[in-house]
> 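What follows is a structure written as structure tokens; I'll ask about it next.
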Amino acid sequence: MRQKLVIGNWKMHGSLAANAALLDGIKAAPARARLAVCAPFPYLAQCQATLAGTAIAWGAQDVSAEVRGAFTGEVAAPMLAEFGCAYVLVGHSERRSYHGETDATVATKALRALESGLTPVVCVGETLAQREAGETEAVVGRQLAAVVEALSIDQLGKIVLAYEPVWAIGTGKTATSEQAQAVHAYLRGQVASGSAAASADVAARMPILYGGSVKPDNAAELFSMSDIDGGLIGGASLKAEDFLAIGNA
Ligand code: PGA
């Protein structure tokens with residue numbers, strides 16, 4: 001049985017004061033799901049100070065594909081580990097589209113995260129044009145395959161996968177629970193069909209989150225699907241009440 005996991009992606013939002021209020025609100029009430037928040041880099045120390053000792057985990061929204069060196073502006077996985085991060089998002093569609101991250105880069109970032117003991121939340125998803133062209137499985141399958149190839153089966157067993165249709169992110173248009181379930185089942189099947197002996201077991205245990213306009217009023221329906229193990233929440237993670245309502249859906 002996979003426990004539900006709900007991760008907030010704050011994106012480039014927040015301030016010390018706003019985060020303090022948000023984190024206090026999240027801490028104040030229990031949630032049925034495991035909760036985590038992925039904050040902008042400067043606020044990781046605040047998350048660590050505020051959330052240490054609670055059941056809520058924290059993480060970053062990106063990580064460098066390099067370990068150290070002359071890479072101005074980059075943040076390395078060992079640095080995230082020093083701030084107690086449990087998770088790091090890799091391959092979010094905003095990174096892929098605005099920063100030109102390739103499937104290979106995303107796979108290397110996932111590997112760097114694992115090498116530092118972090119859980120990479122590997123994001124995959126198709127654009128509206130790709131969905132309309134019937135390419136959804138080909139696109140998410142290719143994005144996943146790059147990660148599967150870069151990791152050992154043990155490492156693959158430690159990732160979280162997130163399906164986020166690009167057309168549903170921040171648009172208010174959620175995939176229907178059937179649309180999301182179909183892609184989640186496809187992704188799990190792809191992991192299960194790997195050549196390693198443990199592939200089926202790894203696939204059965206892998207948390208696969210849905211992201212894209214998840215709100216308190218649609219979360220329960222999405223999370224009731226057999227292959228949807230929780231959510232990656234953007235906009236609704238900025239309000240403690242909404243985030244907790246999703247964590248209890
Ligand atoms: P959204 O964002 O919930 O605001 O659609 C989800 C995400 O980008 O992770």
Side-chain angles (χ1 to χ4, degrees), residues 4-14 18-19 22 26 31 33-41 43-44 47 56-63 85-101 106 109-110 113 118-128 130-131 136 139-140 143-144 147 159-177 179-180 183-184 187 207-223 225 228-249:
K4 290 280 191 280
L5 172 63
V6 171
I7 301 180
N9 172 13
W10 291 358
K11 309 196 179 186
M12 200 170 72
H13 294 289
N19 304 343
L22 176 57
I26 299 171
R34 269 190 297 147
L35 297 182
V37 295
C38 288
F41 294 130
Y43 299 130
L44 292 175
C47 289
I56 302 164
W58 59 97
Q61 299 169 14
D62 186 30
V63 64
C85 289
Y87 297 98
V88 59
L89 308 183
V90 299
H92 189 281
S93 69
E94 288 152 18
R95 300 292 319 171
R96 291 180 191 261
S97 65
Y98 305 148
H99 300 273
E101 291 191 10
V106 173
K109 289 183 172 199
L118 307 173
T119 298
V121 180
V122 177
C123 305
V124 300
E126 82 289 2
T127 63
L128 186 57
Q130 289 166 331
R131 172 163 284 264
T136 299
V139 170
V140 299
Q143 292 170 335
L144 173 64
V147 175
I159 75 165
V160 171
L161 199 54
Y163 169 55
E164 296 205 307
V166 178
W167 48 273
I169 295 176
T171 58
K173 282 187 208 146
T174 325
T176 64
S177 49
Q179 282 174 323
V183 178
H184 283 230
L187 290 167
I208 308 182
L209 311 184
Y210 170 78
S213 297
V214 179
K215 307 289 176 208
D217 62 2
N218 60 23
E221 161 79 20
L222 285 159
F223 297 173
M225 306 308 283
I228 301 183
D229 304 314
L232 181 54
I233 319 299
S237 73
L238 298 172
K239 271 198 203 150
E241 195 188 331
D242 288 358
F243 189 58
L244 284 170
I246 294 168
N248 281 309

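Predicted, not measured: the structure shown is a model, and the values here were computed from it. Just follow the structure's listing: the first ligand is 1, and inside any ligand the first atom is 1. Numbers here are sequence positions counted from 1. Reckoned from all heavy atoms, side chains included, excluding hydrogens, waters and symmetry mates.
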> In this structure, which one of L161, V122, V124 forms a side chain to side chain contact (heavy atoms under 4.5 Å, CB included) with V147?
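Considering L161, V122, V124, a side chain to side chain contact (heavy atoms under 4.5 Å, CB included) with V147 is found only for V122.
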
> Considering the heavy atoms of H92, write down every atom of ligand 1 situated less than 4.0 Å from one of them.
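With H92 as reference, the close atoms of ligand 1 come out as 7 (C), 8 (O), 9 (O).
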
> Does ligand 1 have an atom that lies less than 4.0 angstrom from a heavy atom of G211?
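The answer is no, since G211 has no heavy atom less than 4.0 Å from ligand 1.
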
> State, with a plain yes or no, whether a side-chain heavy atom of Y87 is found less than 4.5 Å away from one of L5.
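When only atoms from C-beta onward are counted, L5 and Y87 do touch, with a gap below 4.5 Å.
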
> Measure the spacing between CG of N218 and OG of S213 and express it to the nearest 0.5 Å.
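It is 8.0 Å, given to the nearest 0.5 Å.
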
> To check your reading of the model: name the closest protein heavy atom to atom 3 (O) of ligand 1, its residue, and the distance in Å.
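The answer is G234 N, 2.9 Å.
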
> Donor-acceptor pair, distance only, cut-off 3.5 Å: does the side chain of Q61 make one with the backbone of K11?
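Indeed, once roles are kept as given, a pair shorter than 3.5 Å links the two residues.
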
> Which atoms of ligand 1 sit under 4.0 Å from any heavy atom of K11?
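What qualifies from ligand 1 is 2 (O), 7 (C), 8 (O).
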
> Of all the heavy-atom pairs spanning R131 and T136, show the shortest one and how long it is.
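Looking at all heavy atoms of both residues, the shortest contact is CA-OG1, 3.4 Å.
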
> Looking at G170, which atoms of ligand 1 are within less than 4.0 Å of one of its heavy atoms?
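Under 4.0 Å from G170, ligand 1 has these atoms: 1 (P), 4 (O), 5 (O).
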
> How does C123 reach ligand 1, by side chain, by backbone, by both or by neither, if only non-hydrogen atoms under 4.0 Å count?
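It is neither part, as no heavy atom is under 4.0 Å.
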
> Just jot down the ligand 1 atoms closer than 4.0 angstrom to any heavy atom of G212, in number order.
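Answer for ligand 1: 5 (O).
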
> Hey, does Y210 have a side-chain heavy atom less than 4.5 Å from the side chain of P165?
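Counting from C-beta outward, P165 and Y210 do come under 4.5 Å.
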
> Does the residue A162 have a heavy-atom contact with ligand 1, meaning some pair of atoms that are separated by less than 4.0 Å?
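Not so, A162 does not reach ligand 1.
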
> Starting from atom 4 (O) of ligand 1, locate the nearest protein heavy atom and write down its residue, its atom name and how far away it is, to 0.1 Å.
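Nearest neighbour among protein heavy atoms for atom 4 (O) of ligand 1, to 0.1 Å: G235 N, 2.9 Å.
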
> Of all heavy-atom pairs between C47 and A39, which one has the smallest distance, and what is that distance?
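Nearest pair, atom of C47 first, then A39: SG-CB, 3.8 Å.
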
> With D62, which of H99, H92, E101 fulfils side chain to side chain contact (heavy atoms under 4.5 Å, CB included)?
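Filter result, single survivor: E101.
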
> Tell me, please: is K215 in heavy-atom contact with ligand 1, that is, under 4.0 Å?
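Outside the 4.0 Å threshold, so no.
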
> Specify the closest pair of heavy atoms between F41 and A60, including all atoms of both residues, with the distance to one decimal.
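That closest heavy-atom pairing would be CE2-CB, 3.7 Å.
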
> Using distance alone, determine whether A236 and ligand 1 share an N or O pair under 3.5 Å.
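Looking only at distances, the answer is no, because the N/O contact criterion of under 3.5 Å is not met.
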
> Taking only heavy atoms of A168 into account, list the atoms of ligand 1 that are under 4.0 Å away from them.
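In order of number, 5 (O).
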
> Would T171 count as being in polar contact with ligand 1, using the rule that some N or O on each side must be under 3.5 angstrom apart?
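Between T171 and ligand 1, no N or O pair is found under 3.5 Å apart.
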
> Applying a 4.0 Å heavy-atom criterion (strictly less than), which segment of N9 is in contact with ligand 1: side chain, backbone, both, or neither?
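Near ligand 1, N9 shows its side chain, while the N, CA, C and O stay back.
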
> Tell me: protein heavy atom nearest atom 7 (C) of ligand 1, and distance?
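Result for atom 7 (C) of ligand 1: E164 OE2, 3.1 Å.
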
> With respect to P120, which candidate in V106, V90, V160 satisfies the side chain to side chain contact (heavy atoms under 4.5 Å, CB included) definition?
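Among the candidates, only V90 passes.
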
